[in-house]
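Everything on this sheet refers to the single structure shown next.
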Amino acid sequence: MYETPPPAGPARPSAAEANEAIRQLVDSRAEGEEWPAEAYEFLLAEWAAAQAEPAGSAAL
C-alpha cells in the first residue's frame, strides 16, 4: 500500500502559536521604531490560515 510521506517543510503554527508570535512582535517594538509591516502581515496570514483549518486537520 502506498503511504504519503509527511510534508518536508515545517508545519503551520496553530492559531494560538501565531497569535503569541504576533503578541511578541508587538511587545518587542521599541518606542519610535518603524513598524515591521512585512513580519506582521506574514503572522496575520499564518493566524488566518490556522483559524480557517477545521479542528484536527493540522495534525495530518
Side-chain angles (χ1 to χ4, degrees):
M1 177 186 274
Y2 180 78
E3 290 185 35
T4 304
R12 263 213 151 99
S14 68
E17 290 169 326
N19 191 41
E20 182 59 29
I22 291 169
R23 286 180 195 272
Q24 288 178 4
L25 177 67
V26 171
D27 290 345
S28 69
R29 280 191 55 240
E31 189 172 327
E33 184 179 13
E34 186 175 324
W35 182 251
E38 287 182 21
Y40 184 66
E41 289 173 6
F42 174 81
L43 292 172
L44 283 177
E46 290 289 305
W47 178 83
Q51 289 290 90
E53 290 180 1
S57 68
L60 295 177

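Being a predicted model, the structure only gives us computed values, none of them experimental.
When the shell of 6.0 Å around CZ of Arg23 is examined, it contains 12 or fewer heavy atoms from other residues, nucleotides or ligands. Remark: Glu33 CD is packed, more than 12 non-hydrogen atoms of other residues, nucleotides or ligands lying under 6.0 Å away.
Listed by chain and number, the residues in a side-chain contact (heavy atoms from CB on, under 4.5 Å) with Ala21 are Leu43 (sequence neighbours excluded). Residues forming a side-chain contact (heavy atoms from CB on, under 4.5 Å) with Ala39 (at least two apart in sequence, or on another chain): Leu25, Pro36. Shown here are the ring pair (Phe, Tyr, Trp, His ring centres under 6.0 Å) partners of Tyr40, two or more places apart in sequence or in another chain: Trp35.
Of all heavy-atom pairs between Arg29 and Glu34, the closest is NE-O, 4.1 Å. In plain terms, the two heavy atoms of Ala15 and Ala50 that are nearest each other are N-CB, 3.3 Å.
Here CG of Asp27 is found 12.0 Å from CD1 of Ile22. Values are rounded to the nearest 0.5 Å.
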